[in-house]
Amino acid sequence: MDWIDALLIPAIKSLVVIVVLLLAFAYMTYVERKLVGRFVRRYGPNRAGPFGLLQPIADAFKAIFKEEVIPTEVDKWLYVICPGIAVAGSLIVFGVIPVGDSFMAWGRKITMVVADVNVGVLYVVAMAGLGLYGIFLGGWASNNNFSLLGALRSTAQVITYELPMGLAIASIATITGSLRFGDIIAAQKTLPLIILQPVGFLVYFISGMAEINRSPFDMPETENELVSGYSTEYGGIKFAIYFMAEYINMIVMSILVATLFLGGWQGPFAHLSPLLQLVWLVVKAAVVLFVFIWVRASIPRVRYDKWMKFGWKFLVPLGLANLAVTAVVVALVA
Amino acid sequence: MTATPLETVLFIAFGAVAIAGALSVILARHAVYSALGMLVNFVALAAMYIMLSAEFLGIAQLIVYAGAIVVLFLFALMLIGGRRPAEQGRLTGGLAAAGSALVVVFLAEIAYLVMRLTGTAGAKGTVTPDVIAQLGHIQLLGATLLLEYILPFELASVLLLVGIVGAVMLARARRQSRQE
Amino acid sequence: MLAYAWLMLLFPLLGVLINAFFGRRIGKRAVSWVACSAIGLSFLVALGVLMGTAGSTGVEQPLFTWISAGSFHVEFSLLLDPLSALMAAVVTGVSFLIHIYSIGYMAEDPRYARYFTYLNLFVFAMLILVLANNYLMMYVGWEGVGLCSYLLIGFWFERKAAADAGKKAFIVNRVGDMGFALGIMLIFAMFGTLQFSEVFRRAPGILGPAAVTAITLLLFVGATGKSAQIPLYIWLPDAMEGPTPVSALIHAATMVTAGVYMVARNHVLFDMAPTTAAVVASIGAATAFFAATMALVEKDLKRILAYSTISQLGYMFLAVGVGAYAAGMFHLTTHAFFKALLFLAAGSVMHAMAGEINIQKLGGLREKLPRTYAVFAVGAAALAGVPLFSGFFSKDEILWRAFLHSPVLWLVGLGTAFLTAVYIFRALFVTFWGETRAEKKLWEHAHEAPAVMSIPMLILAVLAVIGGYIGLPRLSLVEGYLEPVLHAEHAAEAGATEWVLLAVSALIALGGIALAYYLYVVRPAVPANLSKQFAPLYTLLSRKYYVDEFYMAVVVEPLRQVGRFIAELFDPRVVDGAVNGLARLAGVCGEGLGTLQNGRVRSYALSILVGVVIILGYFLLR
Amino acid sequence: MDAIRYLLILSAVLFSIGAAGVLIRRNALVIFMCIEIMLNAVNLTFIALSRQLQSLDGQIFVFMVMAVAAAEVAIGLGIIVSIFRHKPTTDVDDVSLLKG
């Protein structure tokens, strides 16, 4: 193994991933606005470019050229750095998710994952926890009660829903016998895990939506109670970066759901071409994303205390029961 | 054990980060920055664990320490006056001086002890990094934990249960006293 | 069956545990079921063991290692041989009957469950004593039965007399137990083991005449305590304060015979010590006679029976003292039947008469309590040695063996037999014949006991009659059965002499009964006159030879003085002074050290660090 | 390069920093954080020696330490918060009811 394998190729892969994700973020905003518009019988963005396709670019310019305002009473250092932490946490998660099998290029076998590590799924959980600090500390640094409350809520919510999520992942690990994404995908060659783990899927899906603070579970930024939660004091490019983190989280979550429960890049004829594998994954993730947006457009926001109760008193026990049943069944079958 | 130059560089880098984090815990003006320093320290240590072929423990370090414990600390900070200006609290007086001096002596003693170690002495087990890479760290650790150390493992789970109950009781106290 | 012998111990233990922990909750019915079925099952096992051990010289059945410390090794093992099997069968059998009797007798008692717990515990301890294969285990059982005896004598502890009697029994027994314990220690010192079989096997080689005499004498001291022989008999009459079934079980049939059993168990040693044997025989004979004289004038029915028990135990010691161990065990068995019967009958009288036990306030109960009267008469006949009743055979066996050994002992025994017949029929006549002297209310209220009480009495009555036939001189089942253990030499001459002696003792018994009939039925005034005429003798007898007073003056009072000295001077000044001084010292130290505890966590942490640095430094510089 | 020594020294340095923090800070929460630093320094020692001795036993210790630390933090912070409720301070020197 020389330095090309050790450093250069991962670096290139990372760069590709980051660029793609940033682009995907930009057009996710467009897609979401379009879709939500349709759900409520509006058009959505349709001014900039054909079908409003240039709208994200316009938004980016607007954010970049807005005046930089840093309120006087904030903790400046943290206030500036926190959006970065948030988006880094979102991006870094993607490093362990395979988007395809592998292909040959320039005489090297290149796997379609930045690093397929042994404990990949746990890595995802750990990194999601780190990204949280961006929101938490950002809210605190803003020196604003609404921000702080939003930050606290966000943290509590993420910690709460990490538990059922972990339990669902444990069920998967029990069945596949591995925490490596490669193995988990391989285990779904014949049957996607959603068939074997319907309850686990449900638990994971709900927890996932809570993890990424999606409406109707966007407790940290409930406009009618907290103005805009942790991002109240943020504007311009810094707000855009938070926004970016949120959408990237959403994309990553959809890909995680697709990978863990829907068979990942596998599909009919997927073995023919790496490109086809990528397409399968994107299609599956798109379906999940569509559901995310659909839920947002259809269901009103829940109340915070009820939402926490739901997590602790329903989802965690459900996840535990699911894990117990899974363990017993696996022990009996194996 | 030998290390490649890349590993050496990374060791030194992470070590420096860990020390910087630890120092900022005790030197930071505001407790939130202390917590941040602690977070940095934990993450650096997690990276070192992974490099020392203890991947699972590295990730567990991230999840448990960075993901939960530091968050809990920050929560406690927010609950008891996160908005207050910095606590003026590094210490003054003889106690601190004596303490610092003692710590230096202690460090010197340990350093002397470590340097006096007879190199790579000690029984060599069977779990080499190659074995770990081959069988998987989490699998090995899981087998050891659930076969050889099942009793301590169960005891740890009981301990955690006690922790949960204790935390709930401490949290309930307020609600009751408010009702009174 | 022998393999299951441990069940014999298990059942009573289970009974104890169940009744001790749940007795108050499960109700009286369940308590009695548990207790009685425990003993009943135990009895069945004991019967099986009795069959199983016939002809064997003994099996040792290790259950577990009890103590293993260096060279000191004690197994918890059962010794199953004819001797222990016979004793176990008698103990469990009689206990079973008395348990059932107790259901009726104790029915109204508020501490019902506790009573049965103690009773079961007693059986458990007694079986340990009996089945022990070593001295230590036997000692445990020995103390266990002593404890139960204490608890049961003082069962109605609200009554001062009962509490005092319990204490007296316990303390007097301590004297004997100390002798026993010293004997055991001596044995361990000589042999290095406490296992019976080992000790007996090696005894001829190791023990000199002096050592064996010392050991046997010490063991016999223990026996005099438990079996109420001179000079330690004084606790037994007082023990009658306990519930009557307890008197029947513990203080007549089983526990008090433990001394006899122990001597029989150690017959190898006693055979080697002629001096001790002579002492045992003499004390036995003397106790038999003196206790009988005291029984002559006693007014309390139960105490009459208590003196009778002491007297009969004297017979047993007389038997084992002259080497007739089988005869002693035989008498032990028959005595268990008829004495338990007599006590139960006395209990039935008390039950009928609301606890009245003074025979001078009874009388004429024949009409009211015909069944009780009948069984009491059977028991009395057996005790008196009326021919064809069980006591006749066993007592005659002892007298004959005593005659072979020494005519003097035989004469004393014969005199005792006469007195026995007189006092027991005195009790019978005064209680059941003539006009009643009871209070009218009591008299009208008197009623026969319920079936649960009378059936055990009937069974015991049958046993009291036929129990003797197992030991007929010709048949000699007991002797033959015990032979593998005791190696009793058969008396060679079973000719004319034996028949003459048989006739003599029969005549003596009948003569005694006749005298009692004359004195207490035909001429009731005569005894009163006699007591006036021989006032000093009467007083001497009725004051029990002033033995209690003698002990009071010689032993108890000096001890009290010492105690008072300790309590008033030594304890407050020296002991309390030392304790208080230490406490004050601790207080002063605490005051001083308290300044270290300044409540500042960081200074504590600093102290810890100082310690760490010092310890590390020590290891570095070493 | 004898990496184990440097790892042990690093661990000792971290531990000493934690110990110093306990001694020179007043804020109960910061002291608590310092204790966590010390625990982590010990964990590093365990893992380094586990690698050196090629045995997993040390890592089992770390696992247990993590479990204990999680319980300890939950309880410890609960205690600190409830102390704060009674007496609004986080200065350990103000909490000295157990003074001898």
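In what follows, chains are A, B, ... by sequence order, proteins preceding strands, each numbered from 1.
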Legend entry - B:Ala22 portion near chain D, given a 4.5 angstrom heavy-atom threshold: both
Legend entry - Segment of B:Phe73 engaging chain D (4.5 angstrom heavy-atom cut-off): both
Legend entry - Any donor-acceptor N/O pair, D:Ser11 side chain to D:Leu44 backbone, under 3.5 Å: no
Inset, instruction - For each of B:Leu141, B:Thr144, B:Leu57, B:Val70, tally heavy-atom pairs with chain D at distances under 4.5 Å, and name the one with the top tally. - result: B:Leu57
Inset, instruction - Quick one: closest heavy-atom pair of B:Ile110 and D:Ala12, and the distance? - result: CG2-CB, 3.3 Å
Inset, instruction - Side chain from CB out, backbone as N, CA, C, O: work out which of these in D:Leu10 comes under 4.5 Å of a heavy atom of chain B, or both, or neither. - result: side chain
Inset, instruction - Give a yes or no on whether the backbone of D:Ser55 and the side-chain of D:Ser50 come within a donor-acceptor separation of less than 3.5 Å. - result: yes
Legend entry - Enclosure of D:Phe46 CZ (heavy-atom neighbours >12, cutoff 6.0 Å): yes
Legend entry - Region of B:Phe42 in contact with chain D, defined by heavy-atom distances below 4.5 Å: side chain
Inset, instruction - Name the region of D:Leu56, side chain, backbone, both or neither, that has any atom closer than 4.5 Å to a heavy atom of chain B. - result: both
Legend entry - Part of D:Leu49 within contact of chain B (heavy atom distance under 4.5 Å): neither
Legend entry - Which portion of B:Val25 sits near chain D, non-hydrogen atoms under 4.5 angstrom: both
Legend entry - Listed once per pair and sorted, the side-chain hydrogen bond (donor to acceptor under 3.5 Å, both in side chains) pairs that draw on residues 34-44 of chain D, sequence neighbours left out: B:Gln61-D:Asn40
Legend entry - Distance flag, aromatic centroids of B:Phe11 and D:Tyr6, threshold under 6.0 Å: no
Legend entry - Atom group of B:Leu145 that falls short of 4.5 Å from chain D, counting heavy atoms: both
Inset, instruction - Taking all non-hydrogen atoms of both residues into account, name the closest pair between D:Cys34 and D:Val22 and its distance. - result: CB-CG2, 3.7 Å
Inset, instruction - Please look at D:Met64 and chain B and tell me whether the side chain, the backbone, both or neither of the residue comes under 4.5 angstrom of a heavy atom of that chain. - result: side chain
Inset, instruction - Identify which part of B:Leu45 has an atom lying under 4.5 Å from any heavy atom of chain D, answering side chain, backbone, both or neither. - result: side chain
Legend entry - Toward chain D, the part of B:Leu140 with a non-hydrogen atom under 4.5 Å: both
Legend entry - chain D interface, residue from B:Leu72, B:Val64, B:Leu161, B:Val162 that has the most non-hydrogen pairs under 4.5 Å: B:Leu72
Inset, instruction - Select one option (side chain, backbone, both, neither) describing which atoms of D:Phe32 are under 4.5 Å from chain B's heavy atoms. - result: both
Inset, instruction - State, with a plain yes or no, whether a side-chain heavy atom of B:Met38 is found less than 4.5 Å away from one of B:Tyr65. - result: no
Inset, instruction - Verify whether the ring centers belonging to B:Tyr149 and D:Phe63 lie closer than 6.0 Å. - result: no
